[in-house]
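In this chain, residues are counted from 1 in sequence order.
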Amino acid sequence: LLKLVFAIKVSRRARSRASSPSHLDFSSCVMKLAVAAALGGFVALPLAAEGGVPSMAAQRPVGITLKDSPDTPGWLVERLYHAHAIVCPWQRPGDAPDADCLARDRRIKKLRDAISTCRSPLRRNNRSLGHRGAPLVAPEETVASWEIGAASGAGWLECDASITGSMDFVCRHGTCDLAFTTDIVTNHPELHKKCTKPWTPGSGEPAVCCTYDFTLEELSNLCATMESKQNASATSVDEYILGPPGFRSGAIAKSQCHKLVPFTDYLRLMKDNGYSAIPELKDTMEKGLVAFLHRHGKDIFWLAEKFADELMASFGPEQGIAQTFDHVVAAHWKQARPSMSVEYMWTGPPPSGQNCSIKNGKPDRADCGGPALLRYLAGLGVNMFSPPIQALVTNGTGHTIIPSSTAALLKDLNVQSIGSWSLERQGCSTLDNGKVAMTPEIQEAELAPCGYGGGYYGSVEASATFQHEDVLDVVDVLFKQVGISKLFADFPATVAAYANCVLDAEPSPPAGAAASPPRVLLV
């Protein structure tokens, strides 16, 4: 206590002598150091950069512990999938349940019961991938999001690496998403002016703010927010951001300023806590990024090598996986660095005979999943192939979910591993469901699947999925019938609970026993 009193006196003396902002910064540092010494703790000091801006280096996540939640009981987690009665909408109200309805009831209840009686549903599990951390409840790509992802049982936590104007990487899902995932428009007018396309009130045109518009130091001023809807027709800054959709939680985002995290700090945080890293190199096909690199005498291959160098400096192939949607980058990595683990992603099957989907009359390099291309990448040794959920499942008989033709193709190619994305990322608007009572939250207020809409469950919605509880059935088919090894989720607890309580709880078949062939419907 005497030490603390002395610290306060020292701070007051320093403040009384302060006659400039720099002196005020110094007195604040004196106070923090003295209190830290008195309490025996550590205080991270925001070292002032030129102009008084706290340096990004000073905000590194020091002393952060990532850990799972093995003591969380199964019965508590199971309640997340027990909010509604299991429904069979193809039947008329009052009718006795038919055979399909009874089978549906048994499937979902069996999975719920397994979780309910499970000892450690949120124990760390490498099948569960924290997509951007846990952005259903915290600002994506932040320390808070990764902490919650780890506490939810995720074994891998993702950072999307976007290049900055200072040629550093920062964790942002898109190079040009700053306008609706940070407070740049609402709280930083000077930085907002530097955006590729600043927002003009009343224009109806949203802001386009890219990571390469700013240095890493400039980005350290921003606070991450929940991914939000924008009102480009607003007439004031205060009205521009509408907030996140109703199915996401926003309280954690509002509780404090969640700083953007440099890629190198993400890697250090994962390594220090014994977690595996699964970063994605972002937007190598985006025209603005390509032009930015060209102005600096660089190209996407330089970018791919810089990314790979930083990842492999901290992680080996078993603990670090490099992700890309760009087949050119995926091929480059496996040819230049055969030992590096590479995950290739795409959106869906292209038109027959094509390797890529068609956009504006031309092949879209951002979405290429044709059989010939996948076979080529598999031959190069690409380790994981990951289309979205809706590309791997389709409707079977009796309102069931079965593997799709894409799932069959990947098995025929004998790829090393199949992954997918992104569970519990999608919501449904209550306006689309006439049976839902009036609610103030009309924009994507319900967590999918909902029995209507498209997106990640679009291939099975309204035929095999009707409510959020069906997420367990989707996951069950993905792991047991499609044969995926890992699944990205915005709420990693669901995948962790399923993997820990169902997959890991079920006995493996005897050695040499033939597995039952999955039912595959070619579509």
S.K.: Should Ile108 and Asp470 count as side-chain neighbours, where that means a heavy-atom distance under 4.5 Å?
M.R.: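 Yes - at least one pair of side-chain heavy atoms lies under 4.5 Å apart.
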S.K.: Going by ring pair (Phe, Tyr, Trp, His ring centres under 6.0 Å), name the residues that satisfy it together with Phe491, two or more places apart in sequence or in a different chain.
M.R.: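 Partners of Phe491 under the ring pair (Phe, Tyr, Trp, His ring centres under 6.0 Å) test: none.
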S.K.: Do Arg425 and Pro135 come close enough that some side-chain heavy atom pair is under 4.5 Å?
M.R.: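 Result yes, sub-4.5 Å side-chain heavy-atom pair found.
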S.K.: Can a side-chain donor-acceptor contact be found between Glu424 and His468 if the only test is distance below 3.5 angstrom?
M.R.: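 The criterion, which ignores hydrogens and geometry beyond distance, is satisfied for Glu424 and His468.
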S.K.: For a quick check under 3.5 Å, do Lys67 and Asn273 share a side-chain donor-acceptor pair by atom type?
M.R.: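 Distance-only check fails for Lys67 and Asn273.
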S.K.: With a 3.5 Å cut-off and no angle check, do the side chains of Glu446 and Tyr452 form a donor-acceptor pair?
M.R.: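 Yes, side-chain donor-acceptor contact under 3.5 Å.
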S.K.: Less than 3.5 Å apart, any donor N or O on the side chain of Glu305 or His332 sitting next to an acceptor on the other?
M.R.: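 Result is yes, a qualifying pair exists.
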S.K.: Would you say the side-chain atoms of Ser145 and Arg132 include a donor-acceptor pair closer than 3.5 Å?
M.R.: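 Side chains of Ser145 and Arg132: no pair found under 3.5 Å.
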S.K.: Nearest 0.5 Å please: distance from the CD1 atom of Ile115 over to the CG atom of Asn500.
M.R.: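 If we round to the nearest 0.5 Å, Ile115:CD1 and Asn500:CG are 10.0 Å apart.
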S.K.: In Å, rounded to the nearest 0.5 Å, how long is the span from CZ of Arg337 to CE of Met312?
M.R.: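 Between atom CZ of Arg337 and atom CE of Met312 there are 6.0 Å.
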S.K.: With Asp105, which residues qualify under salt bridge (Lys or Arg N to Asp or Glu O under 4.0 Å), at least two apart?
M.R.: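 Per chain and number, Asp105 pairs via salt bridge (Lys or Arg N to Asp or Glu O under 4.0 Å) with Lys109.
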S.K.: Would you check if Trp421 and Leu487 make a side-chain contact, meaning some heavy-atom pair closer than 4.5 Å?
M.R.: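 Not touching, per the 4.5 Å side-chain cut-off.
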S.K.: List for me each residue that meets salt bridge (Lys or Arg N to Asp or Glu O under 4.0 Å) alongside Asp326, sequence neighbours excluded, and say none if there are none.
M.R.: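 If we apply the salt bridge (Lys or Arg N to Asp or Glu O under 4.0 Å) test to Asp326, skipping adjacent residues, the hits are Arg365.
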S.K.: Between Cys209 and Cys176, is the SG-SG gap under 2.5 Å?
M.R.: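 No, no disulfide: SG-SG not under 2.5 Å.
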S.K.: Return yes if a side-chain donor-acceptor contact under 3.5 Å exists between Asp98 and Trp90, otherwise no.
M.R.: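 Yes, Trp90 and Asp98 have a side-chain donor paired with an acceptor closer than 3.5 Å.
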S.K.: Taking the six-membered ring of Tyr275 as reference, does the NZ or CZ atom of Arg124 fall below 6.0 Å from its centre and within a 45° cone about the axis?
M.R.: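 Judged by the rule, Arg124 and Tyr275 form a cation-pi pair.
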